[in-house]
Amino acid sequence: MKYLYRKEHLKAGFNSENYQFRIGELTSMTGVSARQLRYWESKGIIESIHRSGEQEGRVYKFKTFIKVMMIKYYLDTGYTLKSAVKNVEEKQKYLTLTRHIIFSALNGIVEVDGTVMLDLGNFDDDGQQRLLAYFDDDQQKVRYQLIDSDQMGDEDE
DNA sequence: ATTCTTACA
DNA sequence: TGTAAGGA
């Protein structure tokens, strides 16, 4: 068993603040026009950072990208902008909770017998067992495996 | 090249 | 909301 990544190495990659987009990029990513994005911002639905100095223009955070995607989804299924936004904002608190739990649970990425697995941290209160999760490509589902914590450091790099 | 605001359709 | 104008 070997650590491919430890928690601290995953942080930068999962830190959504590291991903920012200009309006043209957000438009091609979401299918929402620049006109709409500016209008939504004027209504307080989304936020952007105004870059000062050389490179003018709006900059959107990853969080905004997600929100725009979700609003677009509801618009496409026939909701008005107002109700689409309401739906999205109701769901956002659950997304936040989900993200908190998943990111705090994720302890690293390991490889066991050639299979890449997520280290989900201690399974029991006294820290004897570690919970690992991996994806079964054949059955298209998540599988779990327990491993003794004292084996976790083996073959470390 | 891209984005900005304003304004009219 | 789209589009065009006219600047940055």
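No experiment lies behind these values; they were computed from the predicted model shown. So that the names make sense, note that chain A is the first sequence line, chain B the second, and so on, each numbered from 1.
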Task: A/Tyr19 side chain to A/Gly13 backbone, donor-acceptor under 3.5 Å - done: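 Yes, because the side chain of A/Tyr19 sits within donor-acceptor range (under 3.5 Å) of the backbone of A/Gly13.
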
Task: Closest nucleotide among C/dT1, B/dT3, C/dG2 to the A/Ser33 side chain - done: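 Taking heavy atoms from C-beta onward, the closest nucleotide is C/dG2.
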
Task: Nucleotide nearest A/Arg22 (side chain, heavy atoms from C-beta), chosen from B/dT5, B/dT2, B/dA7 - done: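 Ranking B/dT5, B/dT2, B/dA7 by closest atom to the A/Arg22 side chain puts B/dT2 first.
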
TODO: Could you label the plane-to-plane angle of the A/Phe62 and A/Phe21 rings as parallel, tilted or perpendicular, counting under 30° as parallel and over 60° as perpendicular?
DONE: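 Taking A/Phe21 first and then A/Phe62, their aromatic rings sit tilted (interplane angle of 30° to 60°).
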
Report the distance from atom [atom1] of [X] to atom [atom2] of [N], rounded to the nearest whole Å.
X	N	atom1	atom2	answer
A/Asp76	C/dT1	CG	P	11 Å
A/Ile23	C/dA8	CD1	C1'	16 Å
A/Leu26	B/dT3	CG	C1'	14 Å
A/Leu81	C/dG2	CG	C1'	16 Å
A/Tyr60	B/dT3	OH	C1'	10 Å
A/Leu75	C/dG2	CG	P	11 Å
A/Gln36	B/dC4	CD	P	15 Å
A/Ile49	B/dT3	CD1	C1'	16 Å

Task: Under 3.5 Å on both distances, the Watson-Crick or G-U partner of B/dT2 - done: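 Check on B/dT2: paired to C/dA8, both distances under 3.5 Å.
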
- [ ] Let me know, please, whether A/Arg38 or A/Arg35 comes out on the 5' side of the other along DNA chain B by nearest nucleotide.
- [x]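 Comparing both residues, the 5'-ward one is A/Arg38.
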
Open item on the list: With heavy-atom distances below 4.5 Å as the criterion, would you say the side chains of A/Leu146 and A/Leu131 are in contact?
Closed with: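 Yes, side chains in contact.
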
- [ ] With the side chain counted from C-beta on, respond yes when A/Arg38 and A/Arg58 share a heavy-atom pair under 4.5 Å apart, and no when they do not.
- [x]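 Side-chain contact under 4.5 Å: yes.
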
Task: Short side-chain N/O contact to B/dT3 OP1/OP2 from A/Arg58, under 4.0 Å - done: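 So the side chain of A/Arg58 is outside the cut-off, no N or O lying under 4.0 Å from OP1 or OP2 of B/dT3.
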
